[in-house]
Amino acid sequence: MKASKLLLKLQEEAELYKELVKAPDNNDNSINSVMSRYNYENFQEILQAAFRGEDEDIPEKRIEDLGMRIDHYFSIHAPDDEDFRGFVKLISTYLVFIAKKPLHPQGTVFEDGSRVYRGDDSYICTGKTKFLEYELSLCRYCVCKGHASNG
């Protein structure tokens, strides 16, 4: 599928969530608050995006695999939350294949001290190498480069 076609598809899907998605009102630095703000910002970006860049071919098998990994995660952590699962698929697909941004925003600090930050020319996640060991990890699709230390 062409990236431009995928963006249009994501924009159509985003329209279904417009009434459900509200600006987050929590401004603390917990990972849930940080993710809520990041997801909301990217949702707004999807709605307003005009395609720019190379109209690359994105193998549909990769899009399906990302969706399957998200399904797997939700089957364990939130099996009954279909709306949120669809929303996360929408945002994640956009981040991975269109925006080419990390699945977690820069500045995210995970419970183990791993963090996401912007390097000189790329995003870096100090936990990516470890997180990739998890079965069906979404990190496989994240643009962040791994880094051996937590510093």
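Worth saying up front: this structure is predicted, and the values here are computed from it rather than measured. Index from 1, following the sequence.
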Using a strict threshold of under 4.0 Å (side-chain N to carboxylate O), is an ion pair present between [Y] and [X]?
X: E41; Y: K101; answer: no
X: K128; Y: E133; answer: no
X: K61; Y: E64; answer: no
X: D55; Y: K5; answer: no

If hydrophobic clusters are built from ILVMFWY residues whose side chains come within less than 4.5 Å, do [X] and [Y] share one?
X: F84; Y: V34; result: no
X: L90; Y: L20; result: yes
X: F87; Y: Y73; result: yes
X: L103; Y: L10; result: yes
X: L132; Y: V143; result: no

Taking the side chain as everything from C-beta on, heavy atoms only, tell me whether [X] gets closer than 4.5 Å to [Y].
X: R62; Y: F97; answer: yes
X: V109; Y: I31; answer: no
X: C144; Y: V116; answer: yes
X: V21; Y: Y40; answer: yes
X: Y123; Y: Q106; answer: yes
X: Y38; Y: L95; answer: yes

Ignoring hydrogens and geometry, is there a side-chain-to-backbone donor-acceptor pair from [X] to [Y] under 3.5 Å?
X: S36; Y: N32; value: yes
X: E56; Y: A3; value: no
X: S92; Y: V88; value: yes
X: R115; Y: G113; value: no

For the student: nearest non-hydrogen atoms of [X] and [Y], plus distance:
X: M35; Y: P105; value: SD-CD, 3.5 Å
X: R37; Y: D28; value: NH1-O, 3.1 Å
X: L47; Y: E15; value: CD2-OE2, 3.7 Å

Under the ring pair (Phe, Tyr, Trp, His ring centres under 6.0 Å) test, which residues partner F51, sequence neighbours left out?
none
Hey, could you give me the [atom1]/[atom2] distance between [X] and [Y], rounded to the nearest 0.5 Å?
X: L66; Y: L136; atom1: CG; atom2: CG; value: 11.5 Å
X: I46; Y: E12; atom1: CD1; atom2: CD; value: 13.0 Å
X: Q44; Y: N39; atom1: CD; atom2: CG; value: 12.0 Å
X: K89; Y: I63; atom1: NZ; atom2: CD1; value: 12.5 Å
X: K100; Y: C142; atom1: NZ; atom2: SG; value: 12.5 Å
X: K145; Y: T129; atom1: NZ; atom2: OG1; value: 13.0 Å

Do other residues, nucleotides or ligands put more than 12 heavy atoms under 6.0 Å from the [atom1] atom of [X]?
X: K2; atom1: NZ; value: yes
X: K18; atom1: NZ; value: no
X: E111; atom1: CD; value: no

Taking side chain to side chain contact (heavy atoms under 4.5 Å, CB included) as the definition, give me every residue that meets it alongside I124, ordered by chain and number, with sequence neighbours left out.
Y117, S122, H147
What class does the angle between the rings of Y17 and F43 fall in, given that below 30° is parallel, 30 to 60° is tilted and above 60° is perpendicular?
perpendicular
Verdict with reasoning, F131 to C125, per side chain to side chain contact (heavy atoms under 4.5 Å, CB included):
CA-CA 10 Å; F131 299 148; C125 176; 4.2 Å; yes
Please name all residues satisfying side chain to side chain donor-acceptor pair (under 3.5 Å) with D65, sequence neighbours left out, ordered by chain then number.
R69, R140, Y141
Does a side chain donor of either S33 or S30 reach within less than 3.5 Å of an acceptor in the other side chain?
yes
Assess whether side chain to side chain contact (heavy atoms under 4.5 Å, CB included) is satisfied between F110 and T126, documenting all intermediate values.
CA-CA 10 Å; F110 299 98; T126 60; over 6 Å; no
